[in-house]
Protein chains: 2
Amino acid sequence: MRDGSQTREKIDRTAMRLFVEKGIAETSVRDIAAGAGIAEGTLYRHYPSKEELAWQLFVVNFTAIGATLNELQRAEKTIHAKLDAIIRHFCSVFERDAVTFNYLFLARHRHMLRLTPRQPNPYLVFRSVVREGMAHGEIPKQDLDVATSMVMGLILQVIDARILGRRIPQDVETLADTLIQASYRVLNI
Amino acid sequence: MRDGSQTREKIDRTAMRLFVEKGIAETSVRDIAAGAGIAEGTLYRHYPSKEELAWQLFVVNFTAIGATLNELQRAEKTIHAKLDAIIRHFCSVFERDAVTFNYLFLARHRHMLRLTPRQPNPYLVFRSVVREGMAHGEIPKQDLDVATSMVMGLILQVIDARILGRRIPQDVETLADTLIQASYRVLNI
DNA sequence: CACACAATAGTGAACGCTCACTCACTTATT
DNA sequence: AATAAGTGAGTGAGCGTTCACTATTGTGTG
């Protein structure tokens, strides 16, 4: 039998790029097929629907980042080191694969609620790091979800500003350091 | 001649609500007309197209908030007082009219680039407050857009968490205080 | 005060078009 | 020969928009 894995990858890459460029609803199956150099029907050999394609692109990449963040976090001992590691990884993912990052950012409201608590989830990794820090007395007691949201927010909004084309001139390394220091200050550590 | 202002308001409120609930592309003109209790054609007496309706809903509300923030900011002298005033207003707008806030949050990527620098803009108000603070030595020198993004991010993400249904238990007053203090710390003041 | 009028608001069936998706068929691989 | 991948014209549903028509209301005229 034939091997369709290359075709599938072409579909994934093209769809994600177009979804980011034009939006999910504004991208037609024809657009994706044309961009990937395949027939429309071929897409349906790999995904049962456009909606399922969008969902799979989200959940696979989102949980992959969540899983990596969790491993990185577990490998460190102090809250400082954990935060440092996961924020640095966040920045490097954005730099290495901006399209994927953009897509997760764009599709998050649409798909977030469909995630089960069991699936690895970047937000929950940050949350558990902050909770652990508070339990060990490394972070002053405060509302857990507010604190986590503030940290995630300051990171995401800077990345979003880059996406929107505002002048964020620094290279990723410097940016990561800035974001890490800012996170420490927000959490009061 | 007849007065269509009530109809227009019904269109605006219904469209904004449905856009937030289902997304812009996923909301049809039929949906809006049915929700507002009018005929489809009536919408076109008030807006030339669905796209223009979405744009007007964005630009009118976005610039209104921007203008108010700017007045509030100008009425204060210190950077602390300015930040306090605009963050507090941000929180109260969300509380008073969550649908509008949600819509602006949702539609921002789609419409942001169409705004001219002349139109009042919440982001630019925050930016000019931070810039002024750095010019007067109240805020340590740092990258302007990174600093502004971090402050906006920590605020928006907390509001976003509430939208997404995470447990953000506190009332708006307490929340505003927390966000203001966190902003001071991020900016190193 | 009655009446004609102009101007705008409101209507909803109809239109052309694009969409996601299907299916009978062909091609490639084991 | 069996199996899965790839094809693309075809389909019907749903979309945004139009337009000929009706309803309402303020204004000028006698």
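Throughout, a chain's letter reflects where its sequence line sits, starting with A, and its residues are numbered from 1. For the numbers below, each heavy atom of this structure counts, side chains included, while hydrogens, waters and symmetry mates do not. Small disclaimer: the values here were computed from a predicted structure and weren't measured.
Taking the six-membered ring for Trp and the full ring otherwise, B:F105 and B:F94 have centroids separated by 6.0 Å or more.
Residues B:F126 and B:I155 meet the side-chain proximity criterion, which asks for heavy atoms closer than 4.5 Å. The shortest side-chain heavy-atom distance between A:F62 and A:Q119 does not fall under the 4.5 Å cut-off.
As a whole-Å value, the separation of B:Q6 CD from D:dT25 P is 11 Å. If you take CZ of B:R45 and C1' of D:dC21, they are 10 Å apart, rounded to a whole angstrom. Remark: C1' of C:dC19 and NZ of A:K22 are 12 Å apart, rounded to the nearest angstrom. C:dA20 atom C1' lies 12 Å from atom CG of A:L53, rounded to whole Å. In this entry the distance linking CD1 of B:I11 with C1' of C:dA9 reads 10 Å, nearest Å. The distance from atom CZ of B:R8 to atom C1' of C:dG10 is 15 Å, rounded to the nearest whole Å. When rounded to the nearest whole Å, the span between CG of B:D3 and C1' of C:dG10 equals 13 Å.
Here A:V29 lies in heavy-atom contact (under 4.0 Å) with sugar-phosphate atoms only. Contacts of B:G4 with the nucleic acid, taken as non-hydrogen atoms under 4.0 Å apart, involve only primed sugar atoms and P, OP1 or OP2. Among the atoms of the strands shown, only primed sugar atoms or phosphate atoms (P, OP1, OP2) are found under 4.0 Å from some heavy atom of B:T27. A:L43 comes within 4.0 angstrom of no nucleic acid atom, judged by non-hydrogen atoms across all strands. If you check every strand for non-hydrogen atoms under 4.0 Å, B:T42 touches a base.
Each of A:V172 and A:I65 belongs to its own hydrophobic cluster when Ile, Leu, Val, Met, Phe, Trp and Tyr are linked at side-chain heavy-atom distances under 4.5 angstrom.
Set against D:dT17, C:dG10, C:dA20, the side chain of A:S28 has C:dA20 as its closest nucleotide. Set against C:dT22, D:dT7, C:dT11, the side chain of A:Y44 has C:dT22 as its closest nucleotide. The side chain of B:R30 lies closest to D:dC15 when the candidates are C:dT22, D:dC15, D:dT7. Here the side chain of B:A39 is nearest to one of C:dG12, D:dC15, C:dA20, namely C:dG12.
The 5' end of DNA chain C is approached more closely, in terms of each residue's nearest nucleotide, by B:E40 than by the other of B:E40 and A:D31.
Not a single donor-acceptor pair, N or O on each side, falls under 3.5 Å between the base of C:dA28 and the side chain of A:R2.
B:R8 forms a cation-pi arrangement with B:Y47, by the criterion of a distance under 6.0 Å to the ring centre and an angle within 45° of the ring axis.
Taking only side-chain nitrogens and oxygens, A:H46 never comes nearer than 4.0 Å to OP1 or OP2 of D:dA4. For the OP1/OP2 pair of D:dA5 and a distance below 4.0 Å, the side-chain nitrogens and oxygens of A:T7 include no atom meeting the criterion.
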